[in-house]
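First up is the structure itself, then whatever we jot down about it.
Predicted, not measured: the structure shown is a model, and the values here were computed from it.
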Amino acid sequence: DYFGENALLRDEPRTATITATTDIATYKITRKKFQELGLNEKLQFANRSAVGAGVARKVETKEPSPKTAEDRKCIETALKNNENLQTMVTLDDARIKGMIDVAWKEEVQP
């Protein structure tokens with residue numbers, strides 16, 4: 001799934017707080033890289049009702065994480081198989097590669 005789309009598309013602070021019930025790893029993309037890839041012109045996110053209200057905070061940007069071939073394939077498959085994302089846009093291989101290239105890995109504790 002995805003979250004943070006308002007911040008990517010409209011330069012707004014994030015409006016959701018995500019809480020994991022198990023350990024997960026996520027990938028992030030900055031608004032600047034999102035725009036450089038042209039995704040702001042290609043994606044339209046479905047309206048979703050927030051479950052809770054987030055608090056604006058400073059966004060931390062990190063250098064892209066190294067990724068193994070297995071990591072890259074896992075991310076590519078997840079992007080291509082995400083039903084929510086696929087209802088809004090069909091990502092071509094170049095855009096998927098670009099997203100994978102600039103994403104960084106982040107460990108999230110429950």
* **Salt-bridge present (Glu36, Lys33; N to O < 4.0 Å)** => yes

* Any side-chain heavy atom of Gln35 within less than 4.5 Å of one from Arg31? -> yes

* State, yes or no, whether a side-chain contact exists between Met99 and Leu91 at a heavy-atom distance under 4.5 Å. => yes

* With the side chain counted from C-beta on, respond yes when Lys105 and Ile75 share a heavy-atom pair under 4.5 Å apart, and no when they do not. => no

* To do: Apply side chain to side chain contact (heavy atoms under 4.5 Å, CB included) to the pair Ile100 and Asp71, showing each step before the final yes or no.
  => CA-CA 9 Å; Ile100 294 169; Asp71 292 336; over 6 Å; no

* Asked: With a 4.5 Å heavy-atom cut-off, do Thr30 and Trp104 have their side chains touching?
  -> yes

* For the pair Asn81 (side chain) and Thr77 (backbone), establish whether a donor and an acceptor sit closer than 3.5 Å, ignoring hydrogens and angles. => yes

* To do: Return yes if some donor-acceptor pair links the side-chain N/O of Arg95 with the main-chain N/O of Leu37 below 3.5 Å, else return no.
  => yes

* Does some side-chain heavy atom of Lys62 sit less than 4.5 Å from a side-chain heavy atom of Lys28? -> no

* In terms of side-chain geometry, is the basic nitrogen of Lys97 or Asp101 positioned less than 4.0 Å from the acidic oxygen of its partner? -> yes

* To do: Might you work through the salt bridge (charged side-chain N to carboxylate O under 4.0 Å, His left out) test for Arg72 and Glu76, ending with a clear yes or no?
  => CA-CA 6 Å; Arg72 296 183 73 80; Glu76 176 184 354; over 6 Å; no

